[in-house]
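Letters A, B, ... mirror the listed sequences (proteins, then strands); counts begin at 1. Predicted model only: the values in this text are computed from it and were never measured.
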Protein chains: 2
Amino acid sequence: MARADGHRQIVDLLLPGDFCGFTAGDEYDCTVDAIVEGTVVAGYPRRRVEMLADQDPQLAREIREVTLGAMSRLQAQLLIVGRITAVEKVGSFLLEMAARMSEGPSGLVLLPISRYDIADYLALSVETVSRSLTDLKHRGVIVLSGTRCVKIVDQDALRSERDRSLACAHHRWAH
Amino acid sequence: MARADGHRQIVDLLLPGDFCGFTAGDEYDCTVDAIVEGTVVAGYPRRRVEMLADQDPQLAREIREVTLGAMSRLQAQLLIVGRITAVEKVGSFLLEMAARMSEGPSGLVLLPISRYDIADYLALSVETVSRSLTDLKHRGVIVLSGTRCVKIVDQDALRSERDRSLACAHHRWAH
DNA sequence: CGACATATTGAAGGGCTTCAAGCTACGTGG
DNA sequence: CCACGTAGCTTGAAGCCCTTCAATATGTCG
């Protein structure tokens, strides 16, 4: 979503095969930017999907699953954007990319978006993203090959850093 | 969600009649705190809901609607938490409360949660929430009666402030 | 009333943003 | 092929907003 002050907030990051979140209103109030060349964005009219879903329980079930996945991403995103520090945000982002991209051998990750997009995704400034990456590099946690290729050397360091600040108390509530 | 460092991030704020977001995993990884006395939290087992939804298109449709509403709240929350300043966050919160609570006459709002909860909801510190409120008070935008009762005097000021920083470019994408 | 949680207010410090200047990578045209 | 221009990235310095710590105030319940 673009904002009047020139800032954006990237609400969701979709990789091939992912589905976009829907909005509750009648109007689409988001924009979709296709980054990867050859991306096909398929939009389905609300009303027709509703009708089809009414008749096809299987489709309805898939819609629920897809939507829940989007909600999970949103909630995780909210945690990241809300509290933790810049370096931890960038670290979490790298981990997420490593998990969601078909990761090559030995933690090699090709970043699908630019620093500017990462900044908008994490609610940071470009400069801070850059600084965080060089910080991680200097600490030997990652290795940068070019600007888009990141090798995660010490995945445990990222993971423990993230978990330290994101760890939820695992409760359950009875039915 | 509680975190190891003592911070929380309140993911969603439910008022009477609202439904909670679901998570995609098998485990519940959130906690539900009931604030209002007499609150009844109804939990439905995942599997059974799925079965019922398969057989009842009407129920399935309602589930979709409820979930989309939750997603909308999450997206709005992401925008607020992500970028804007403390005063704007608090202002947006007041507007949201005024809109979602059955608002009394002349913009009188009874805050359903404490400053601490507001702070966690907006990803701020308690002190900053308090300062923002007194700032709004001094500027004559609101009047505080006790700690939980807020009268919104200049709703337009809040609204324009929020819209200035949250305004999205309204695009549509064809099908 | 006293005790405790909740709110407010002050002061110091830190992390992020902003502005500004190089730097790198890449494509285009000479 | 190389020069050049632009977009993306990095790095530095100054400033601001928020956080943190600390103290006081308010209000709530025994």
- Give the rounded distance in Å between these two atoms: CG of D117(B) and C1' of dA7(C). 14 Å
- To the nearest angstrom, the CD-C1' distance between E127(B) and dA25(D) comes to 14 Å
- Interatomic distance, R148(B) CZ vs dG27(D) P [rounded to whole Å]: 13 Å
- Query: Is any side-chain N or O of T134(A) closer than 4.0 Å to OP1 or OP2 of dT11(D)?
  - Reply: yes
- With a 4.0 Å cut-off on heavy atoms, is A123(B) in touch with a base, just the backbone sugar-phosphate, or nothing at all? sugar-phosphate
- Query: When the distance from OH of Y116(A) to C1' of dT6(D) is rounded to whole Å, what number comes out?
  - Reply: 12 Å
- Task: Whole angstrom is fine here: how far is it from CG in D135(B) over to P in dT9(C)?
- Result: 11 Å
- Message: Within the 4.0 Å heavy-atom criterion, would you say S125(B) contacts the bases, only the backbone, or no part of the nucleic acid?
- Response: base
- Task: Report yes or no: do E88(B) and T85(B) form a side-chain donor-acceptor pair below 3.5 Å?
- Result: yes
- Message: With hydrogens left out and only the distance checked, is there a donor-acceptor pair under 3.5 Å joining R131(A)'s side chain and the base of dT18(C)?
- Response: yes
- Compute whether any side-chain donor of one residue and acceptor of the other, for Q9(B) and Y121(B), lie under 3.5 angstrom apart. no
- Take the protein atom NZ of K89(B) and the nucleotide atom C1' of dT19(D), then report the distance between them rounded to whole Å. 12 Å
- Task: Between V129(A) and G146(A), just flag the one whose closest nucleotide in DNA chain C comes earlier from the 5' side.
- Result: V129(A)
- Task: Could you tell me the separation between the CD1 atom of I84(B) and the C1' atom of dC16(C), rounded to a whole number of Å?
- Result: 17 Å
- Message: If I take atom CG from residue L111(A) and atom CG from residue L94(A), how far apart are they, to the nearest 0.5 angstrom?
- Response: 6.5 Å
- Query: OP1 or OP2 of dG15(C) less than 4.0 angstrom from a side-chain nitrogen or oxygen of T128(A), does that happen here?
  - Reply: no
- Taking CD1 from I118(B) and C1' from dT8(C), how many angstroms apart are they, rounded to a whole number? 14 Å
- Message: I need the E50(A) CD to R64(B) CZ distance, nearest 0.5 Å.
- Response: 4.5 Å
- Query: Which residue, S132(A), S130(A), S125(A), forms the side-chain hydrogen bond (donor to acceptor under 3.5 Å, both in side chains) with T128(A)?
  - Reply: S125(A)
- Query: Using a cut-off of 4.0 Å on non-hydrogen atoms, how would the nucleic acid contact of L124(B) be classed: base, sugar-phosphate, or nothing?
  - Reply: sugar-phosphate
